[in-house]
Amino acid sequence: MTVQVMEEWQGKSLDDILWLCQETVEDTEVTTVKRWRESGGKVLGHFQVYFPEEIAHAAGMLPMKMFGASVETRNADSRFGSFLCSILKTCLEQVLSGRVELDMFVTHPICDAARNLAPIWGRNYDYPCQILYLPQNPNSSYSIQYLKEEYERIQGVIEKVAEKKITDDDLRNSIAVYNKNRALLRKLYEIKRERPWLISINEAYVLTAVGGLISKEEHNEILEEALPLLEKRKARKQDRIRVVFEGGFCEQPPLDMLRTIGRSCYVVDDDLLIGMRYILEDIEPGNDPLNAMAEAYINKSTYSPVQHDLRKPKEKMLKERVKNANAEAVIITAAKMCEPGLEEQVTYTQEFDKDNTPYFVSEFEENMTSFDHLEIQLETFVENLIFD
Amino acid sequence: MSEINNKEMVGRGTREGAALFRDWFQDLTEKAEKGETAAYVFVMGSIAEILRVFDLPMVFPEINSLQTAVRHVADDFLNTAEDYGYSPDICGYVKADFAMQMQNGKHPMGRIPKPGIAVLTNACNTYFKWGEIWERVHEIPMVSIDVPATREAGTRSWPGDEQFEREKKYVKVQIQELIEICEKITGKKFDIDRLREVMGHANTMSRGWKRVLELNQSRPSLFNALTDGTVYLGMSNVFRGTPEGARFFDRLVEEMEYMSANGIGTLTEEKYRLSFIGVPCYPIFRRFNEMFTEWGGAFVMSTYLWFAAGGTNLGVEYDLEDPLDSLAEGVLISVRDAMDSMFHPELTVLEQTSEFNIDGVVYHPIKSCRTTSAGMADNRRALMENSNLPSLFIESDMMDSRVVAEAQMKNRIDAFFEGLASRKAQIAIGEA
């Protein structure tokens, strides 16, 4: 089922398209998902970081990426104690407040808090609330086979919810749609890296993030329309330092924080919503699409602080990202109360100390509203680099 | 039995456990002094069965860290790690261990050898981040055993189920891969008969641990699940798969059976039987318990004794005819149960409420551990919806005294007991 759920964007200017994307991403009522449901569609909500959306797509469901929201956690607060990150609460608030209605929820063993979401959700809702156990030992020779079987298992649950049997051809078709989406996002990031003056970090962010709230077909169409317009955008290169932003793999920094950063720096690469770009190459579905997806997750994927893989030491991977983006400095952030993010900050800073790569360390929360302090600190950091 | 025998028998487990524990730390200190290394493992799935075959001494960093809190020196360790850059909001165990690593293994109970290998399961995600620190600091191999947990409450698979058998294969392959690495780092050939021997001892211990926990259904309760239970728990982890561990649990069962048969309980005059959910408050370990015992509150059950024992509370016994397959099966069942005990504790607590005559449930969420704590508030909500069990929810930490507000805690505990007393009185009036 392909349903257009965004406001009419065809034929609009680039600025208008970006504005519509921002409106959609900031829409606390998640109207796009409501429209999908109104058209008779079912929705699978999945928590960060990576979920094989192709399987839900093949069943005709809308996979909704739950990446938090700017909402007051009036209902969810009673389900959580202190010392927890905000995204857990805002995601649950989206459903408890009735803003989002799901038919299935999936979380992942990315961290100790996120794993708890399935039990919490399950105590509150009757629909399937599952953990998709992505392998935490990707270095085992059996991990691809295990993951393929785990994908088969979740496919079975999805089929029951969607009331549709998924064929290999359905999966091949969905993989093709997602390959296209990943290619378009790679193109967007290529523009960011090579001509960052053409698109600010907050603009690139909304253009990416909107894909979590609409069908991938519609997202592809938007990107196909926006990217050529972007290439033709009249914008002058300015004297700003090139930075990589790291720390947005799960909870998302507020858009105003990204704007603040964008005023001082060109963000040439980042890990914002990295799950949407986790698979680095096209997946060749072949005779066994689920196996191909599992293989891609294990062998053709990027990194994040929540995946341990002996082949991917995070600090080396970040260094590689910095090098490939030709960045001069790194903004190393972490969401408040995010255990893996906060732990990784130490590793990153230790690594960058070795070769004197400049870095700026900060913490954020998705619902923070004041950035004056951050702006002053960041400007000082940038000035130090420029006048060094 | 005479009073002399009473004295010899009652409290024997605690005494013997404490002595064995001191010996273990002494042994670790000697190894550290000689520059020997150890296998760093965790309580939720130590895979001791394999490591013992290679005679690898084991270090439990969680136990080392909690000891710093019990001995009131954790703050120094935490400050050292925070000075290095670690956030106040991450796991205190990790920080205390990191500080200890930075101080060449210096520990209040001796000295801890450096790691030569780290083995961990996914029962706690922070294990991965923790292991990665050792990987970087000591450049050692880190081996993960990924144990797929229950995907949704009530859908746990068991031997014979297709899903279980598939996952058992995944666990088995990972155990075989661990064996290969152990062979490589020790230069020793894997000996399956030695594994059988170790597993035999582990069987005795699992059987004993299950029985000990069951026996606390006695009235009065035989041991305090929060304090005595933690000593036994330490034994179940540190001595897993050893003759000393097997002997300890045989004797502990004997002690508990004796106490039960003779109506002997703990020193607390038991008025309220409580279930504890979470990790103890180690910075004020004794005092925390006293705030309950002063009111006649006795902890007869604790989820800590389930999950921090790696699920061996289930008493799963290995089939020594097919040791590797059976080990994979046992690890899958037990470690998975440990995870369920953290994510769905209310299910088992509710199931066992009448057997243990539980009067109230104490939830203790802590800053350091999101695995055990993130779901507790909702868990309590569900417990209250599905039962009329009174419950208490007190937040603090297992390491960080900065978030342990003793006076505030006491106020809430007192109010909880006043509520329990009033409830008992009302029931008594109703029955009269």
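By convention in this document, chain letters (A, B, ...) are assigned in the order of the sequence lines, proteins followed by strands, and residues within each chain are numbered from 1. Just so you know, these numbers come straight off a predicted model, no measurement behind them. What you see below is based on every heavy atom in this structure, not just the backbone, and it leaves out hydrogens, waters and symmetry mates.
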Given the rule in the side-chain contact (heavy atoms from CB on, under 4.5 Å) test, do Y133(A) and N122(B) qualify, once you have shown the distances and angles that lead to the verdict?
CA-CA 11 Å; Y133(A) 254 92; N122(B) 58 312; 3.6 Å; yes
side-chain contact (heavy atoms from CB on, under 4.5 Å) evaluation trace for K169(B) with E149(A)
CA-CA 12 Å; K169(B) 197 162 181 198; E149(A) 289 166 357; over 6 Å; no
Applying salt bridge (Lys or Arg N to Asp or Glu O under 4.0 Å) to K129(B) and E344(A), what does each step give before you reach the verdict?
CA-CA 8 Å; K129(B) 307 311 292 178; E344(A) 214 60 67; 2.3 Å; yes
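Heavy atoms only, all atoms of each residue included: Y142(A) and Y170(B) are closest at CD2-CA, 3.5 Å. Residue A374(B) comes nearest to L84(A) through the heavy atom pair CB-CD2, 3.8 Å, listed as atom of the first residue, atom of the second, then distance. The two residues A377(B) and G81(A) make their nearest non-hydrogen contact at CB-N, 4.0 Å. Of all the heavy atoms in R370(B) and N116(A), the pair that sits closest is O-ND2, 3.2 Å. Minimum interatomic distance between L342(A) and S87(B) (heavy atoms only, all atoms of both residues): CD1-OG, 3.7 Å.
Under the 4.5 Å side-chain criterion, counting only non-hydrogen atoms from C-beta, E343(A) is not in contact with I133(B). At least one side-chain heavy atom of S140(A) sits under 4.5 Å from a side-chain heavy atom of V173(B).
Residue contact with chain B, scored on non-hydrogen atoms closer than 4.5 Å, involves the backbone of I110(A) exclusively. There is no contact between Q145(A) and chain B, counting heavy-atom distances below 4.5 Å. In this structure, the portion of T150(B) lying under 4.5 Å from any heavy atom of chain A is its backbone and not its side chain. Within the 4.5 angstrom heavy-atom criterion, no atom of S373(B) approaches chain A. With a threshold of 4.5 angstrom between heavy atoms, V94(B) approaches chain A through side-chain atoms but not through N, CA, C or O. Only the side chain of T347(A) comes within contact range of chain B, judged by heavy atoms closer than 4.5 Å. Of the atoms belonging to Q345(A), not a single heavy atom falls under 4.5 Å from chain B. Of the atoms belonging to A123(B), it is backbone heavy atoms, and not side-chain ones, that fall under 4.5 Å from chain A. Only the backbone of S78(A) comes within contact range of chain B, with at least one heavy atom under 4.5 Å from a heavy atom of that chain. Using a 4.5 Å cut-off between heavy atoms, C369(B) does not touch chain A at all. Both the backbone and the side chain of F80(A) come within contact range of chain B, each with at least one heavy atom under 4.5 Å from a heavy atom of that chain. If you measure heavy-atom distances from M339(B) to chain A, the contacts under 4.5 Å come from the side chain alone. Heavy atoms closer than 4.5 Å to chain A are found nowhere in Y363(B), neither backbone nor side chain. Looking at K314(A), both its backbone and its side chain come within 4.5 Å of chain B, counting heavy atoms on both sides. Contacts of E385(B) with chain A are absent, with no heavy-atom separation under 4.5 Å from either backbone or side chain.
A salt bridge links R151(B) and E150(A); the closest N-O separation between the charged side-chain nitrogens and carboxylate oxygens is under 4.0 Å. Using a 4.0 Å cut-off between a side-chain N of Lys or Arg and a carboxylate O of Asp or Glu, E339(A) and K95(B) do not qualify as a salt bridge.
A 6.0 Å sphere centred on CD of E72(A) holds no more than 12 heavy atoms belonging to other residues, nucleotides or ligands. Enclosure of atom CD in Q408(B) is not indicated, since only 12 or fewer non-hydrogen atoms of other residues, nucleotides or ligands lie within 6.0 angstrom.
Of the residues considered (C124(B), P88(B), G85(B), P141(B)), C124(B) shows the highest number of contacts with chain A, using heavy-atom pairs under 4.5 Å. Ranking R115(A), M337(A), Q130(A), R153(A) against chain B, the residue ahead of the rest is R115(A), based on heavy-atom pairs under 4.5 Å. Interface remark: of the candidates P148(B), G154(B), G131(B), S368(B), P148(B) forms the most heavy-atom pairs closer than 4.5 Å to chain A. Most heavy-atom pairs under 4.5 Å with chain B: of the set A114(A), A118(A), C129(A), this distinction falls to C129(A). In terms of heavy-atom pairs under 4.5 Å with chain A, the best-connected choice from R166(B), E167(B), E152(B), M376(B) is E152(B). The greatest number of non-hydrogen atom pairs below 4.5 Å with chain A, out of A382(B), A149(B), C91(B), is found for A149(B).
Side chain of E395(B) to backbone of S82(A): a donor-acceptor contact under 3.5 angstrom is found. No donor-acceptor distance shorter than 3.5 angstrom exists from the side chain of D89(B) to the backbone of F83(A), with no hydrogens or angles considered. Between the side chain of D146(B) and the backbone N or O of Q136(A) there is at least one donor-acceptor pair closer than 3.5 Å.
Separating the CG atom in N137(A) from the OG1 atom in T121(B) is a distance of 11.0 Å, to the nearest 0.5 Å. For the atom pair NE2 of H308(A) and CD of E132(B), the computed distance is 5.5 Å after rounding to the nearest 0.5 Å. With values rounded to the nearest 0.5 angstrom, D112(A) atom CG is found 7.0 Å from F343(B) atom CZ.
Sorted by first then second residue, the salt bridge (Lys or Arg N to Asp or Glu O under 4.0 Å) pairs that include residues 339-348 of chain B, not counting sequence neighbours, are R123(A)-E346(B), R156(B)-D340(B).
When the ring pair (Phe, Tyr, Trp, His ring centres under 6.0 Å) test is applied to F47(A), no partner is found at least two apart in sequence or on another chain.
Donor-acceptor pairing under 3.5 Å is recorded for the side chains of S141(A) and E177(B).
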